[in-house]
2 protein chains.
Amino acid sequence: MHQPDHLKNAGLKSTLPRLKVLNLFETSTERHMSAEDVYKILLNGGEDVGLATVYRVLTQFEQAGLLVRQHFENGKSVFELNKGDHHDHIVCLQCGHVEEFYDKAIEARQEKVTAELGFAIREHSLHIYADCINKKCPRKP
Amino acid sequence: MHQPDHLKNAGLKSTLPRLKVLNLFETSTERHMSAEDVYKILLNGGEDVGLATVYRVLTQFEQAGLLVRQHFENGKSVFELNKGDHHDHIVCLQCGHVEEFYDKAIEARQEKVTAELGFAIREHSLHIYADCINKKCPRKP
DNA sequence: ATGCAAATGATAATCGTTCTTATTTGCATT
DNA sequence: AATGCAAATAAGAACGATTATCATTTGCAT
Ligand SMILES: [Mn+2]
Ligand SMILES: [Mn+2]
Ligand SMILES: [Zn+2]
Ligand SMILES: [Zn+2]
């Protein structure tokens, strides 16, 4: 789907580390990954990159609009491929599984409430923390 | 409003640092303050406490239900007096001003959406980032 | 093939927060 | 009011996530 061109278009040279990181996001089953996640997965896959480079590249991809950054409550930034949409997140408190959702009614009410209070809305984050009733919830630490 | 008894009731000895911190939250015009905020305000007011103590006390107050912790996007924890309610936040991107709101419709939709996806909702955070149209928005750095 | 700006990666530094530990304090008991 | 002691404090070390520094390497236009 994404090709090296995407990097060029974003004004980024298509270097090995950047291609590795982009490829990981395109092929991984995990949509939401932290810098540490990316670093470890690449290392385990025999691809070695520097941790500092991973951080740098993730930020560049965010600025280029390739990735979107999320701030969950565990203190670390999590990134995901930019699908061009907007969605909110449900995070399982037991296994960390992340589910995405979009609710038109919620979005509309946010606009309304914010406008009524005299603000011009720019962005928002709605994070729901829950227990997934999934029988296979693996209770990841 | 709160008295030393509140500390005792929470199983906390009424020590000087704890009384200072509690009093600050009760009298400050700023409802939402970080550990660093509390520490600096007390110091400027001639009350000296250790920064580590501020962190410890804030966490204890949170556990005792006296304070509520918020995670905004700047990476630092922010605390506010527990009014016993639930509310969400609008943060001005220009001046940092925090406005509180509660919208029954949003809360209801969250329950519904989450249940439909097979989760049992525990908590959530909704943070709206906006520009306040306030003429006196002081554009704090 | 050559040159060079841009990118990398090892490491140091920073920031918010927590931990460690010697000292002090609240407070119940004489 | 003096004593005893568990609990709390404060200074600084330690920590985890992230960013900055800078010598070396790489992509890529010539
Ligand atoms: Mn997502
Ligand atoms: Mn609030
Ligand atoms: Zn789960
Ligand atoms: Zn403002």
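In what follows, chains carry the letters A, B, and so on, assigned in the order in which the sequence lines appear, proteins first and then strands, with residues in each chain numbered from 1.
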**Q** Does A:T15 have a side-chain nitrogen or oxygen under 4.0 Å from the phosphate oxygens OP1 or OP2 of D:dC28?
**A** no
**Q** Is the phosphate of D:dA8, meaning OP1 or OP2, less than 4.0 Å from a side-chain N or O of B:K13?
**A** no
**Q** Indicate whether OP1 or OP2 belonging to C:dA7 is found under 4.0 Å from a side-chain N or O atom of A:R56.
**A** no
**Q** Which of the following nucleotides, C:dT17, D:dT18, C:dT8, is nearest to the side chain of A:A35?
**A** D:dT18
**Q** Thinking salt bridges, do B:E80 and B:R69 make one under a 4.0 Å N-O criterion?
**A** no
**Q** When you check the side-chain N and O atoms of A:H124 and A:H86, is any donor under 3.5 Å from an acceptor?
**A** yes
**Q** Is the phosphate of D:dT18, meaning OP1 or OP2, less than 4.0 Å from a side-chain N or O of A:S77?
**A** yes
**Q** Would you tell me whether B:E99 and B:H87 have side-chain atoms, one donor and one acceptor, within less than 3.5 Å of each other?
**A** no
**Q** If pairing requires Watson-Crick or G-U wobble contacts with both distances under 3.5 Å, which nucleotide is the partner of D:dT30?
**A** C:dA1
**Q** NA contact type, B:T53, heavy-atom cut-off 4.0 Å: base, sugar-phosphate, or nothing?
**A** base
**Q** By nearest heavy atom, map B:N74 and A:A52 onto DNA chain C; which one lands nearer the 5' end?
**A** A:A52
**Q** Think A:Y55 has a side-chain N or O under 4.0 angstrom from the OP1 or OP2 of D:dT19?
**A** no
**Q** Does a nitrogen or oxygen in the side chain of B:R18 sit under 4.0 Å from OP1 or OP2 of D:dA8?
**A** yes
**Q** It should be established whether B:S34 places a side-chain nitrogen or oxygen under 4.0 Å from OP1 or OP2 of nucleotide C:dG16.
**A** no
